Amino acid sequence: MTALIRRDPLRSLRLFFLVSMLVIGALMLAQLIATGATWETLLLSTGVLAGLQLLRVYEFVHGRLVPLPVDLLELVVIAVVLVEIGDVDPVLGPIYFLLMSRAATGGMRRLLPMIAGYGVVLLVVGLPFPVGAFVGLPLVPLLIYGMRTVLLRLQEEQRKHGQMMDDVLNRLPFPVLLADAEGGVLLANPAASALTGPLAELRATRAGGAPVDLPRLAAGESGLELRLTRGDGRVVQVVAETVPTAHGTIVALLDVTAQRGYEEPCTPRSTPAPSAASSATSSRRYAHSRLRRGRARPGWC
């Protein structure tokens, strides 16, 4: 849920109103039962609430509003429920959340007619209602609409910022990964993809052989030498550095495979000291070879 809120706060707001409508609808039915409403009233109210809930679910899933005639039908059925119940108080909660859901989903052209339509319904049915509730009828949805407008602007700014970061990282000539707080890879630039291959098939270990999850490296690591085994069996050695950012952690990699391969042959190797027996054998061989060369010379007998 936290990841959804960070990724799409506006959709999270719509989901909140959708779930809240279920709760408010259940409270409305509980209030009707407590006041001794008939089964006919309960069935009618339950059917209307279920139908309106399905309409808001449709708008949430498809990301677009229902046709305008459906809004008119919504006003009619709410008026019928008000007349059947004979009291405005149980229905005020669902009305408010229906309007707030619409404010979080649609534009002003569809919101203002719905606010006016519900105001007309409350006046036409002729039931007494609190003046404060009538004043809040346009105020609360308009506040939600203002919040929606701010969230849309913030999302656009976040999109532009993310696009700029993607462009910068993709143009870097060295391998770079961007991981989120949960260890998911948000971005791997082309140089990183060429070095590591598919990340799902990559195995990384420290110098001592301990396994490590590359995207989950702690921020602030510097000069960390790792051995990467790709899915195709190729092994590369890298030096990793991690930098914390507002979006997660940047993991920068430096390929040192060629450098380490050059350093190993140049490392002096210790040779074991010859044993006494081998020294004696070598000395005898040397003496025999000198003796043979001396006999081959003229004047030797």
Side-chain angles (χ1 to χ4, degrees), residues 1-16 60 63 147-148 150-269:
M1 179 59 72
T2 304
L4 174 62
I5 293 174
R6 283 203 306 265
R7 186 173 63 252
D8 195 342
L10 183 57
R11 188 171 178 83
S12 302
L13 181 65
R14 293 168 180 165
L15 181 60
F16 167 76
F60 176 80
M147 184 187 300
R148 171 180 177 264
V150 172
L151 288 176
L152 285 174
R153 290 180 180 176
L154 289 176
Q155 278 187 311
E156 180 63 20
E157 290 297 324
Q158 186 178 12
R159 187 193 64 80
K160 289 180 180 179
H161 185 269
Q163 184 62 46
M164 180 181 66
M165 179 176 286
D166 290 351
D167 291 341
V168 170
L169 293 179
N170 281 324
R171 292 175 183 272
L172 291 177
F174 52 86
V176 174
L177 303 174
L178 177 59
D180 60 20
E182 286 75 27
V185 178
L186 301 176
L187 174 69
N189 70 347
S193 299
L195 177 67
T196 64
L199 289 172
E201 303 173 1
L202 184 70
R203 291 187 295 109
T205 56
R206 296 178 183 267
V212 63
D213 191 353
L214 194 61
R216 293 181 182 270
L217 287 176
E221 294 277 6
S222 179
L224 178 63
E225 293 210 22
L226 299 174
R227 177 187 176 90
L228 306 182
T229 304
R230 294 163 40 118
D232 58 6
R234 179 188 167 193
V235 178
V236 294
Q237 291 178 276
V238 299
V239 174
E241 300 213 8
T242 59
V243 180
T245 69
H247 298 276
T249 304
I250 293 178
V251 182
L253 304 175
L254 175 63
D255 187 1
V256 295
T257 307
Q259 179 182 348
R260 295 295 181 266
Y262 171 77
E263 290 173 354
E264 288 180 1
C266 297
T267 303
R269 293 185 175 88

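These numbers were taken from a predicted model, which means no experiment stands behind them.
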Discussion item. Has Ser222 got a side-chain atom pairing as donor or acceptor with Glu241's backbone, closer than 3.5 angstrom?
Written reply: no
Worksheet item: What are the two closest non-hydrogen atoms of Gln237 and Thr257, and how far apart are they?
Response: N-OG1, 2.8 Å
Worksheet item: How close do Ala188 and Ser193 get, heavy atom to heavy atom, and via which atoms?
Response: O-OG, 3.8 Å
Worksheet item: side chain to side chain donor-acceptor pair (under 3.5 Å) with Gln163: which residues, sequence neighbours excluded?
Response: Asp167
Practice prompt. Drop me the distance from Glu225's CD to Leu254's CG, to the nearest 0.5 angstrom.
Written response: 9.5 Å
Worksheet item: Under the 3.5 angstrom rule, does the side chain of Asn189 hit a backbone N or O of Phe174 as a donor-acceptor pair?
Response: yes
Worksheet entry | Identified side chain to side chain contact (heavy atoms under 4.5 Å, CB included) counterpart of Leu228 within the set Thr196, Asp255, Val212 | Thr196
Worksheet entry | Point-to-point distance, once rounded to the nearest 0.5 Å, from CD1 of Ile250 to CG of Leu217 | 13.5 Å
Worksheet item: Does a side-chain heavy-atom distance below 4.5 Å link Phe60 with Leu15?
Response: yes
Discussion item. Could you measure the distance from the CD atom of Gln155 to the CD atom of Glu157? Nearest 0.5 Å is fine.
Written reply: 11.5 Å
Item to complete: Check whether any side-chain N or O of Thr242 sits under 3.5 Å from a backbone N or O of Gly220 as a donor-acceptor pair, and report yes or no.
Response: yes
Worksheet item: Is Arg230 salt-bridged to Asp232, going by a charged N under 4.0 Å from an acidic O?
Response: yes
Worksheet, complete the sentence: Between Ala240 and Leu253, the two heavy atoms sitting closest are CB-CD2, 3.7 Å
Worksheet entry | Closest non-hydrogen atom pair, Ala191 against Pro173 | CB-O, 3.7 Å
Worksheet, complete the sentence: So side chain to side chain donor-acceptor pair (under 3.5 Å) across residues 202-220, not counting sequence neighbours, yields Asp213-Arg216
Discussion item. Between Arg153 and Glu156, does any NZ, NE, NH1 or NH2 come within less than 4.0 Å of an OD or OE carboxylate oxygen?
Written reply: no
